[in-house]
Amino acid sequence: YKAFIFSNGVATPIAPGSFYSIAYGINDARQVTGLFSHIPSPSVYAFLYQDGVFTDLGPFNSNPNGQSIGYGINQQGTIVGIVQTPSIKGMVFENGMMTTFNNSNVLRALAINNTGSIVGTLTNNHAFLLSESKVHDLGTLDGNRDAGSVATAVNDAGQVVGYSSFAGSPHAFLYENGAMKDLGTLRGGDSFALGINNNGDIVGVSDGSAFLYRNGVMIDLQAATRDANTSFGNRFFGLTTASAINDRGQIAGAGTFEFLGTHAVLLTPQ
């Protein structure tokens, strides 16, 4: 696997040649974060990529047995993720320094917005929102404190999305104004919200299909894009995963092609 940037119609690898790498987050300055590993080493480390320069962020406290992953990055270049030393802890990288959270209950930091709010999971497997230096346990959709939830993204208005156990199945949620809302599913099974933009549009996966949630309606993007025109004419069977959406409404995800199998896809509204 190789991390890449897609720009002006070209996908460009961003990690050095022999590295295994995955890109998880990008900001408007084209700063990218994720994980990489020196093959065949089993250890993985967070990285920062910008303007052709790939920087190894290393393990926490330079521990040779530690690992790190960058999951999200905001416009200020602050990165959030995890470190393993050997226990897993939430991580923040800013001003050239990698630190963990003062609150030891923060297990994974998965996203950060431009006001510095951070979301992820706590040690009790509940979603959290860190805002104004306070960690808020978001609980679960069904109120079961023993069930789990994950916050995957947060926009600049502080709206949080993710997924939570709901009567035994994961359901996508939107958290705003102190309440967690069930977004439902496409076909009665499961759903996972993975991204939200500053317009409040939400994307994710439900029952094996990508979805866009807008104005209170969950739209099946696999059905909506099946047999859509592609840039090279190969028959498209539809978008199966929607991972992120920007403020222009462009959606990044994955879809299935007749002769190519599953490939990364950029969906641009017209």
Side-chain angles (χ1 to χ4, degrees), residues 24-25 71-72 110-111 119-121 125-127 129 138-144 147-155 157-177 179-231 234-270:
Y24 287 119
Y71 285 122
L110 300 180
V119 298
T121 55
N125 291 321
H126 284 187
L129 166 65
L138 304 189
T140 62
L141 280 171
D142 55 12
N144 183 351
S149 59
V150 178
T152 56
V154 56
N155 67 12
Q159 294 176 299
V160 181
V161 296
Y163 51 93
S164 166
S165 175
F166 183 76
S169 296
H171 277 207
F173 72 77
L174 168 65
Y175 178 89
E176 60 181 347
N177 301 320
M180 185 181 284
K181 175 184 177 181
D182 182 7
L183 302 187
T185 67
L186 287 173
R187 291 180 286 276
D190 54 28
S191 59
F192 307 82
L194 303 176
I196 184 171
N197 65 13
N198 287 324
N199 302 315
D201 300 324
I202 301 166
V203 294
V205 180
S206 176
D207 301 314
S209 297
F211 74 76
L212 167 65
Y213 186 91
R214 175 182 288 164
N215 298 325
V217 177
M218 183 177 285
I219 302 165
D220 185 338
L221 290 180
Q222 185 175 34
T225 59
R226 187 176 293 120
D227 292 324
N229 292 328
T230 65
S231 59
N234 195 288
R235 185 182 177 193
F236 187 47
F237 294 127
L239 199 71
T240 54
T241 302
S243 302
I245 182 169
N246 66 15
D247 292 343
R248 296 170 59 188
Q250 292 177 301
I251 298 170
T256 306
F257 295 85
E258 184 173 11
F259 300 115
L260 300 176
T262 300
H263 272 210
V265 170
L266 173 65
L267 196 65
T268 300
Q270 309 211 341

Identify the two heavy atoms, one from Ser165 and one from Thr140, that lie closest to each other, and give their separation to 0.1 Å. O-CB, 4.5 Å
Answer yes or no: is there a side-chain heavy-atom contact under 4.5 Å between Met218 and Ile202? no
Closest heavy-atom pair and its distance - Gly189, Ser169: O-CB, 4.0 Å
Let's go through Thr152 and Val119 carefully: what are the C-alpha distance in whole Å and the side-chain angles of both, what is the deciding distance for side chain to side chain contact (heavy atoms under 4.5 Å, CB included) to 0.1 Å, and is it a yes or a no? CA-CA 7 Å; Thr152 56; Val119 298; over 6 Å; no
Under a 4.5 Å cut-off applied to non-hydrogen side-chain atoms, are Ile251 and Leu221 in contact? yes
Go through it in stages, so that I can follow the logic: the residues are His126 and Thr121, the test is side chain to side chain contact (heavy atoms under 4.5 Å, CB included), and I'd like the CA-CA distance, side-chain angles, deciding distance and then a yes or no. CA-CA 5 Å; His126 284 187; Thr121 55; over 6 Å; no
Can you name the one residue among Leu183, Asp182, Asp190 that meets side chain to side chain contact (heavy atoms under 4.5 Å, CB included) with His171? Asp182
Is Ile196 close to Leu174 at the side-chain level, that is, under 4.5 Å between some pair of heavy atoms? yes
Pairwise side-chain contact, Leu260 with Asn234, heavy-atom cut-off 4.5 Å (strictly under): yes
Just verifying a value: how many Å separate Thr268 OG1 and Gln250 CD, rounded to the nearest 0.5 Å? 4.0 Å
Nearest-0.5 Å distance, CG of residue Leu129 to CD of residue Glu176: 12.5 Å
Could you check whether any side-chain heavy atom of Leu186 comes within less than 4.5 Å of a side-chain heavy atom of Phe211, counting everything from C-beta outward? yes
Search all heavy atoms of Asn197 against all heavy atoms of Asn246 and return the closest pair with its distance. ND2-O, 2.9 Å
Closest approach of Ala167 and Asp142, non-hydrogen atoms and distance? N-OD2, 3.3 Å
One should read off an interatomic distance between Asn125 CG and Ser149 OG, to the nearest 0.5 angstrom, of 8.5 Å
Val150 and Phe173 have their tightest heavy-atom pair at O-CE2, 3.4 Å
Taking the side chain as every heavy atom from C-beta outward, state whether Phe192 and Pro170 have any atom pair closer than 4.5 Å. yes
Interatomic distance, CG@Leu110 vs OH@Tyr24, rounded to 0.5 Å, equals 10.5 Å
Are side-chain heavy atoms of Ser209 and Arg187 found at a separation under 4.5 Å? yes
Mind listing the closest non-hydrogen atom pair of Ser243 and Thr241 along with its distance? OG-CG2, 3.7 Å
Do Glu258 and Phe237 pass the side chain to side chain contact (heavy atoms under 4.5 Å, CB included) test, and can you show the C-alpha distance, the side-chain angles, and the key distance before you say yes or no? CA-CA 7 Å; Glu258 184 173 11; Phe237 294 127; 3.9 Å; yes
Does any part of the side chain of Phe257, heavy atoms only, come nearer than 4.5 Å to the side chain of His263, both counted from C-beta? yes
About how many Å separate CG of Leu212 and CD1 of Ile219, when rounded to the nearest 0.5 Å? 4.5 Å
Tell me whether Tyr213 at atom OH has more than 12 heavy atoms from other residues, nucleotides or ligands lying less than 6.0 Å away. yes
When you measure from the side chain of Arg226 to the backbone N and O of Gly238, does any donor-acceptor pair fall under 3.5 Å? no
Exactly one of Ile245, Asn215, Asp247 should register a side chain to side chain contact (heavy atoms under 4.5 Å, CB included) with Asp201. Which one does? Ile245
